[in-house]
S.K.: 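This is the structure I want to talk about, given as structure tokens.
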Amino acid sequence: MNSANPLGEYLRARRALVTPDAAGLPVSPRRRVAGLRREEVATLAGVSVDYYVRLEQGRERNPSVQVVEALARVLHLDEEATDHVHRLATPAPARVRSRGRGRARSEEVSPVLLQLMASWHRTPAVVLGRRLTVLAHNSLGRALFAGHAHSGDLVRLVFLDPDARVFYPDWERVAANTVSGLRTAAGADPDDPELIAMVGELSLKSLEFRRLWARHDVRQKTHETKRFGHPLVGELTLAYESLTVNSAPGQQLVVYQAAPGSPSEEALALLGSLTADPPAHHPAPSGQPASGEQ
């Protein structure tokens, strides 16, 4: 985080993940590195070795679109990762980045969005901020993630909560996707002080986070099916869709749904009934019996 050479760090991390066999190169029994060498990447991308070395070292910071596309092909990057490299190669002007340097931007959720979410009585919904913290939820969304030490912070929930691997039966996949999403946020705002602090804390406290962070994978949260081991209602299999909140850049509205007629739909309904707020008691007008009195 907050690196002076994000493009070089990314290229080094990604070439270490591409095997010579995957790149169509012969594998020598005396080879000492698992990934590609710098000169191999340069040759396959059609650039000079000296130029590629300068890219990794940060002495060359403005590769052309053609060079970025060639490197993406050699490093087997998908469309989202390729877009990420283009952003690293053409960062925002320093004057724009410096506006928020050292200051955490507030993340307020629109009252209209809160009202909309509150009307979804059978659908869990949460609003996530740039660092995947829960900024808001409806009643069922709160119940879905309740009961953990880090219920309001989905990254810390995955890596620091003692029951994370029970709550997420497919923990390895969830962990990889979570770090990829956080990497995407870091690429959009590398000077966010709270994000820098979060990455530092998790790198110290979680070996798994440190390993996944070093891969430099990027993946925007979009849609997926996820399993939960809920402490109140047992296993839930829910599909979610992540929607960008256009009125608040960086915020995501995540909506969960169970398949109609499935055991998960029944369990979700049970969760709603177990955690529903009790109805408010309204005293009867003076001189009239309260409800239930004869």
Side-chain angles (χ1 to χ4, degrees), residues 76-81 83-84 113 116-148 150-185 206 208-209 211-213 215 217-245 250-275:
H76 296 182
L77 303 183
D78 61 18
E79 183 177 354
E80 192 166 5
D83 290 342
H84 179 68
L113 179 55
L116 174 65
M117 293 166 59
S119 69
W120 298 338
H121 302 295
R122 297 189 296 175
T123 304
V126 298
V127 178
L128 301 180
R130 292 180 297 274
R131 297 174 291 276
L132 303 186
T133 51
V134 179
L135 304 180
H137 45 57
N138 64 4
S139 178
L140 203 49
R142 178 181 65 241
L144 180 61
F145 291 99
H148 307 283
H150 297 285
S151 294
D153 186 326
L154 298 192
V155 180
R156 288 183 173 90
L157 172 57
V158 171
F159 291 99
L160 301 183
D161 235 288
D163 59 351
R165 293 175 186 265
V166 176
F167 184 59
Y168 293 115
D170 303 309
W171 184 89
E172 288 78 7
R173 178 166 60 90
V174 171
N177 289 344
T178 298
V179 173
S180 299
L182 196 64
R183 265 287 179 195
T184 302
S206 171
E208 293 90 346
F209 177 86
R211 177 181 61 81
L212 290 169
W213 186 255
R215 289 177 56 90
D217 290 330
V218 289
R219 182 175 182 268
Q220 183 71 43
K221 194 177 185 72
T222 54
H223 57 85
E224 192 179 20
T225 298
K226 184 177 291 186
R227 291 196 301 149
F228 299 88
H230 199 279
L232 291 181
V233 297
E235 183 166 309
L236 291 162
T237 299
L238 304 177
Y240 74 77
E241 187 78 26
S242 180
L243 309 171
T244 299
V245 181
Q251 290 185 15
Q252 303 173 69
L253 170 62
V254 186
V255 184
Y256 297 85
Q257 189 173 36
S262 67
S264 291
E265 185 182 48
E266 296 178 4
L268 199 58
L270 175 60
L271 178 62
S273 66
L274 292 174
T275 59

S.K.: To the nearest 0.5 angstrom, please state how far the CD atom of Glu241 sits from the CD atom of Glu224.
M.R.: 11.5 Å
S.K.: Is any side-chain heavy atom of Leu270 closer than 4.5 Å to one of Glu266?
M.R.: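 When only atoms from C-beta onward are counted, Leu270 and Glu266 do not touch, as no gap falls below 4.5 Å.
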S.K.: Of all the heavy-atom pairs spanning His230 and Leu144, show the shortest one and how long it is.
M.R.: CD2-O, 3.3 Å
S.K.: Which distance, rounded to the nearest 0.5 Å, do you find between the NE2 of His150 and the CG of Asp163?
M.R.: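 So the NE2 of His150 and the CG of Asp163 are separated by 10.0 Å.
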S.K.: Within a strict 4.5 Å, meaning less than it, do heavy atoms of the Thr237 and Thr225 side chains meet?
M.R.: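 Counting from C-beta outward, Thr237 and Thr225 do come under 4.5 Å.
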S.K.: Might you point out which heavy atoms bring Val134 and His137 nearest each other, and give the distance in Å?
M.R.: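 Heavy-atom minimum between the residues: CG1-CD2, 3.9 Å.
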S.K.: Of all heavy-atom pairs between Ser242 and Gln252, which one has the smallest distance, and what is that distance?
M.R.: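 The answer is OG-OE1, 2.8 Å.
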S.K.: Got Phe145 and Leu154 here, is their nearest side-chain heavy-atom distance under 4.5 Å?
M.R.: yes
S.K.: Roughly how far, to the nearest 0.5 Å, is OG1 of Thr123 from CG of Asn138?
M.R.: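 Between Asn138 CG and Thr123 OG1, I get 7.5 Å after rounding to 0.5 Å.
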S.K.: OG/Ser206 to CH2/Trp213 distance, rounded to the nearest 0.5 angstrom?
M.R.: 12.5 Å
S.K.: Does the side chain of Asp153 reach to within under 4.5 Å of the side chain of Leu132, using non-hydrogen atoms?
M.R.: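 No, too far: nothing below the 4.5 Å cut-off.
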S.K.: Distance check, rounded to the nearest 0.5 Å: His148 atom NE2 versus Leu160 atom CG?
M.R.: 13.5 Å
S.K.: Evaluate Leu212 against Asp217 for side-chain contact (heavy atoms from CB on, under 4.5 Å), listing each step before the verdict.
M.R.: CA-CA 8 Å; Leu212 290 169; Asp217 290 330; 5.6 Å; no
S.K.: When you measure from the side chain of Arg183 to the backbone of Arg219, do you find a donor-acceptor pair of N or O atoms at a distance under 3.5 Å?
M.R.: no
S.K.: Do Arg215 and Val179 make a side-chain contact, defined as non-hydrogen atoms from C-beta onward lying under 4.5 Å apart?
M.R.: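 Sidechains of Val179 and Arg215: no contact.
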S.K.: Check whether any side-chain heavy atom of Phe209 lies under 4.5 Å from a side-chain heavy atom of Val158, and answer yes or no.
M.R.: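 Heavy-atom side-chain distance check fails, nothing below 4.5 Å.
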S.K.: Look at the side chain of Trp120 and the backbone N and O of Ser139, then say whether any donor-acceptor pair between them is shorter than 3.5 Å.
M.R.: no
S.K.: Between Leu128 and Leu135, does a side-chain contact (heavy atoms from CB on, under 4.5 Å) hold up when you go through it step by step?
M.R.: CA-CA 6 Å; Leu128 301 180; Leu135 304 180; over 6 Å; no
S.K.: Hey, does Thr184 have a side-chain heavy atom less than 4.5 Å from the side chain of His84?
M.R.: no
S.K.: Okay, side chain of Asp161, backbone of Ala164: is any donor-acceptor separation there less than 3.5 Å?
M.R.: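 A pair under 3.5 Å: no.
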S.K.: Once you round to the nearest 0.5 Å, how far does CG of Leu236 lie from CZ of Phe167?
M.R.: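 It comes to 8.5 Å.
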S.K.: What do you reckon, is CD of Glu208 surrounded by more than 12 foreign heavy atoms closer than 6.0 Å?
M.R.: yes
S.K.: How are the rings of Tyr256 and Phe228 set relative to one another: parallel (under 30°), tilted (30 to 60°) or perpendicular (over 60°)?
M.R.: perpendicular
S.K.: Leu268 vs Arg122, test: side-chain contact (heavy atoms from CB on, under 4.5 Å). Steps then yes/no.
M.R.: CA-CA 8 Å; Leu268 199 58; Arg122 297 189 296 175; over 6 Å; no
S.K.: Of all the heavy-atom pairs spanning Thr275 and Ala143, show the shortest one and how long it is.
M.R.: OG1-CB, 3.3 Å
S.K.: For the backbone of Arg173 and the side chain of Asp170, can you confirm whether one donor and one acceptor N or O come within less than 3.5 Å of each other?
M.R.: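 Checking the backbone N and O of Arg173 against the side chain of Asp170, no donor-acceptor pair under 3.5 Å is found.
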S.K.: Shortest non-hydrogen contact from Val218 to Ala81?
M.R.: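 Reported closest heavy-atom pair: CG2-CA, 3.6 Å.
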S.K.: Provide the closest heavy-atom pair for Ala258 versus Ser262 in the form atom of the first, atom of the second, distance.
M.R.: CB-OG, 4.1 Å
S.K.: With a 4.5 Å limit on heavy-atom distance, are the side chains of Leu238 and Lys226 in contact?
M.R.: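 They are not in contact (no side-chain heavy atoms under 4.5 Å apart), so the answer is no.
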